[in-house]
Undergrad: 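My structure is below; once you've seen it, I'll send some questions.
Order of the sequence lines fixes the chain letters, A, B, ..., with proteins taken first and strands second; residue numbering starts at 1 for each chain.
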Amino acid sequence: ETGVTQTPRHLVMGMTNKKSLKCEQHLGHNAMYWYKQSAKKPLELMFVYSLEERVENNSVPSRFSPECPNSSHLFLHLHTLQPEDSALYLCASSRTGTAFETQYFGPGTRLLVL
Amino acid sequence: AQSVTQLGSHVSVSEGALVLLRCNYSSSVPPYLFWYVQYPNQGLQLLLKYTSAATLVKGINGFEAEFKKSETSFHLTKPSAHMSDAAEYFCAVRWNQGGKLIFGQGTELSVKP
């Protein structure tokens with residue numbers, strides 16, 4: 001399998017649930033990203049991992065907890081979410097250190113919080 | 001603050017007509033420039049990127065973009081729209097190597113038969 005894959009593609013959860021989103025990249029990249037895409041709002045960068053170390057956390061609430069066990073896998077652990085957290089969550093990967101570094105995106109997980 | 005602006009949140013064209021989606025960035029220093037497309041219920045797919053080899057960049061699906069330093073623009077065009085081009089298009093900018101990728105707000109393209 002090539003590219004960036006995300007599972008599940010759709011998720012419905014209650015505010016008291018705990019769930020995890022998974023992302024896997026098959027491109028040999030060394031950086032991975034989580035973005036949130038809400039309706040009518042620009043893409044929001046949430047977390048960046050480079051060489052498996054978190055290098056960016058854009059004031060994301062603690063109910064979102066990322067994990068990057070290796071350069072190919074990225075998780076987003078969710079707990080006690082709010083309805084306003086409903087959105088499309090996109091994972092991306094890239095190879096850092098190049099001038100024309102390009103991010104490649106997965107298909108996203110559509111999350112609905114009830 | 002450095003920014004990227006896509007003029008028009010929604011553009012509608014007829015099938016076979018020219019597609020023009022506008023993107024302007026705020027710095028006089030040429031950044032790294034990208035266009036992505038997002039089809040319904042999918043992630044973002046890279047259409048093309050500016051690599052400084054040529055000001056006119058050809059991408060996938062017949063799209064191209066022209067880098068104009070004097071106008072700080074990187075507009076996306078396609079000579080003849082197809083129904084399958086209906087999607088949301090995002091211009092993205094990186095100001096320096098290793099910097100964040102900043103996205104425009106997106107332009108939704110509709111194609112009428």
Undergrad: If Ile, Leu, Val, Met, Phe, Trp and Tyr residues are connected whenever their side-chain heavy atoms lie under 4.5 Å apart, and connections chain through other members, are B/V111 and B/V37 in the same group?
TA: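 Yes, because B/V111 and B/V37 connect within a single hydrophobic cluster, where side-chain heavy atoms sit under 4.5 Å apart.
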Undergrad: Any link between B/F103 and B/L76 through a network of hydrophobic side chains (Ile, Leu, Val, Met, Phe, Trp, Tyr) touching at under 4.5 Å?
TA: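 Per the 4.5 Å side-chain linkage, B/F103 and B/L76 are not co-clustered.
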Undergrad: Applying a strict under-4.5 Å side-chain criterion to I, L, V, M, F, W and Y, I'd like to know whether B/L46 and A/M32 cluster together.
TA: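 No, it is not one cluster - the side chains of B/L46 and A/M32 are not joined through contacts under 4.5 Å.
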Undergrad: Enumerate, including both backbone and side-chain atoms, all donor-acceptor pairs under 3.5 Å from chain B to chain A.
TA:
from	atom 1	to	atom 2	distance (Å)
B/Y36	OH	A/Q103	N	3.4
B/Y36	OH	A/Q103	O	2.6
B/Q38	OE1	A/Q37	NE2	2.8
B/Q38	NE2	A/Q37	OE1	2.8
B/N41	O	A/R9	NH2	3.0
B/G43	N	A/P107	O	3.3
B/K49	NZ	A/F100	O	3.3
B/K49	NZ	A/T102	OG1	2.8
B/R94	NH1	A/E101	O	2.6
B/Q97	NE2	A/G97	O	3.1
B/K100	NZ	A/E56	OE2	3.2

Undergrad: Quick one: CG on A/L45 to CG on B/L101, what's the gap to the nearest 0.5 Å?
TA: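 Going from CG on A/L45 over to CG on B/L101, the span is 9.0 Å.
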Undergrad: Check the surroundings of atom CG in A/L112: do more than 12 heavy atoms from other residues, nucleotides or ligands lie under 6.0 Å from it?
TA: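 Yes - once you tally the heavy atoms of other residues, nucleotides and ligands closer than 6.0 Å, there are more than 12.
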Undergrad: So for B/L44, is it side chain, backbone, both, or neither that comes closer than 4.5 Å to the heavy atoms of chain A?
TA: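 When you check distances to chain A, atoms from both the backbone and side chain of B/L44 fall under 4.5 Å.
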Undergrad: Mind jotting down which residue pairs meet the disulfide (SG to SG under 2.5 Å) criterion with at least one end in residues 17-81 of chain B? Sequence neighbours excluded, please.
TA: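 Listed by first then second residue: B/C23-B/C91.
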Undergrad: When you group the ILVMFWY residues by side-chain heavy-atom contacts below 4.5 Å and let the links chain together, are B/V4 and B/V57 in the same group?
TA: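 Yes, one cluster joins them.
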Undergrad: Check whether B/I60 and A/F105 end up in the same hydrophobic cluster, where Ile, Leu, Val, Met, Phe, Trp and Tyr are linked by side-chain heavy atoms less than 4.5 Å apart.
TA: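 Unlinked, B/I60 and A/F105 end up in two clusters.
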